[in-house]
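Taking it in order: structure first as C-alpha cells, then the write-up.
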Amino acid sequence: MTEHPNEIQAQSGKRNSLPLVDRGLLVKVLAPATVANLVCGFDVLGMCLHEPNDLMEIRLLDEKKIIIISADGYPLPLDPAQNTAGAPLVEMINELPGNIGFEVTIHKKIKPGSGIGSSAASAAGAVVGANYLMNDFFSKQDLVRFAMFGEKVASGVKHADNIAPCIYGGITLIRSIHPLDIIPIPAPELYVTIVHPQIEVRTSDARQILRKEVLLKDAIRQWGNIAALVAGFIQNNLLLIGRSLEDVIIEPVRSILIPGFDEVKLKCKEAGALGGGISGSGPSIFMLSKDELTAIAVENVMKEIYNHIGLDYHTYVTTINQTGVTVINN
Ligand code: HSE
C-alpha cells in the first residue's frame, strides 16, 4: 500500500482518485434481486431483475468502522463481520488508507432465503454505494471481489452468480472466481415471472444436499445447454433459449425441496413461457416469456397452483435490469 491514496495502483481495473467530498456524505441505492444459475449454469450464470429491490443508505464515517442498521426491524446480524453488507465493507476499508468507514441502513425488501439474491443485494448495494461516495475509487471487478465476502457469510462459500449481475446489470457469465473473470452477456428484452412460495431454503442447505460428482454424460448435456443458452442470448434466439433452459444435474436434487415445482414448470410452459426453473437455490421459481401478456398468464398459472396447494406465495412480473445497483440520490 502506498502512502497517498492517489498513488494506489490498481490491482485490477481502474482506480480513481479519492476526493471524498465530491459526492457528499450520504447516498441511497436500490439494490435489485437477481436470478442465479439460469437453470443450467450452476454458479456461473446470473441475471439482474428490476423488481424487487432493497433500499439502502450508505453514510461516510471518518473512522475505520462499519455500522449496520436494520431500518425495518428485520432481524439481520448487526455485527459487520456476520452481516452480508458489513463483511464486504470490512474488506473494502482494509484496502483504503486513513480513517474511512461506513454506516449502512438497510430496508430489506428481498426476503432472505427466497432464492432471488437477497444476500447479494445487500452486499452489492453496500459496496456500490460506498464506492460512489469514494468517487468510484474501485473498479466493478474489485466490488464483486469485496461483495463475495457477503456471500461467504450467507452461504459459507464465495460465489458471484448473484453478485456480478447485481453490480454489472443484465446477464453475466462468471468464467472463474479465482481469478475473477466476469463476462457480461447481451440480454434480450424478455419478461421474467417469479413465484416465491413462502418457505425458506437456506443456500447452505441447498448446496449441502448436492452430489459432489457428476456423470460424464450429464456433464456433456449440461455444458451443451450452457453454451447454447449463452449463444441464444447473444443471437436473441428465443427458441434456443427455451430449449437450453434444462438442468440435468442440480434441479433433480433441489426440486424436491419445492412443493409444486414440476407442475409449475410444466403448466407455465403450456401457458407460453420459454422455459425456466429454480431461481438460485430456491424456493423461488422463475420463468422467461417473450412478452408481458404471456408473463402475466404465467403468473396466473403460478397463483392457481399455489392457491390449490394452500401455500402462501408472492409473485413478481418484471424485466431484465440492465443497470444493476442504482444510485437514486445523494
Ligand atoms: N449458485 C448458487 C447456488 C446461488 O445455486 O447455490 C445461490 O443463490
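Remember, it's 1-based here, ligands and their atoms both numbered in the order they're listed.
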Parallel under 30°, tilted from 30 to 60°, perpendicular over 60°: which one fits the rings of Phe138 and Phe146? perpendicular
Between Ser281 and Thr203, do the side chains contain a donor N or O and an acceptor N or O under 3.5 Å apart? yes
Side-chain donor-acceptor pair under 3.5 Å between Asn162 and Thr34, yes or no? yes
Answer yes or no: does atom NZ of Lys158 have more than 12 heavy-atom neighbours from other residues, nucleotides or ligands under 6.0 Å? yes
State the atoms of ligand 1, each with its element, that fall below the 4.0 Å cut-off from a heavy-atom position in Ala36. 4 (C)
Give yes or no for whether the N/O distance cutoff of 3.5 Å, strictly under, is met between Thr203 and ligand 1. no
Ligand-residue contact atoms, ligand 1 with Asp43, heavy atoms, under 4.0 Å: 1 (N), 2 (C), 3 (C)
Within a distance under 4.0 Å of any heavy atom of Asn37, pick out the atoms of ligand 1 and give their elements. 1 (N), 2 (C), 3 (C), 5 (O)
Is it the side chain, the backbone, both or neither of Arg254 that has a heavy atom closer than 4.0 Å to ligand 1? side chain
Atom 7 (C) of ligand 1: nearest protein contact (heavy atom, Å): His159 CE1, 3.6 Å
Which protein heavy atom lies closest to atom 3 (C) of ligand 1, and at what distance to 0.1 Å? Arg207 NH1, 3.3 Å
Determine whether Val301 and Thr193 make a side-chain contact, defined as any pair of heavy atoms from C-beta on separated by less than 4.5 Å. no
Protein heavy-atom partner closest to atom 8 (O) of ligand 1 - residue, atom, separation in Å: Asn162 OD1, 3.0 Å
Show which atoms of ligand 1 fall inside a sub-4.0 Å distance from at least one heavy-atom site of Phe42. 3 (C), 5 (O), 6 (O)
Distance-only side-chain donor-acceptor flag, Thr319 / Glu189, under 3.5 Å: no
Any side-chain heavy-atom pair from Leu311 and Gln198 closer than 4.5 angstrom? no
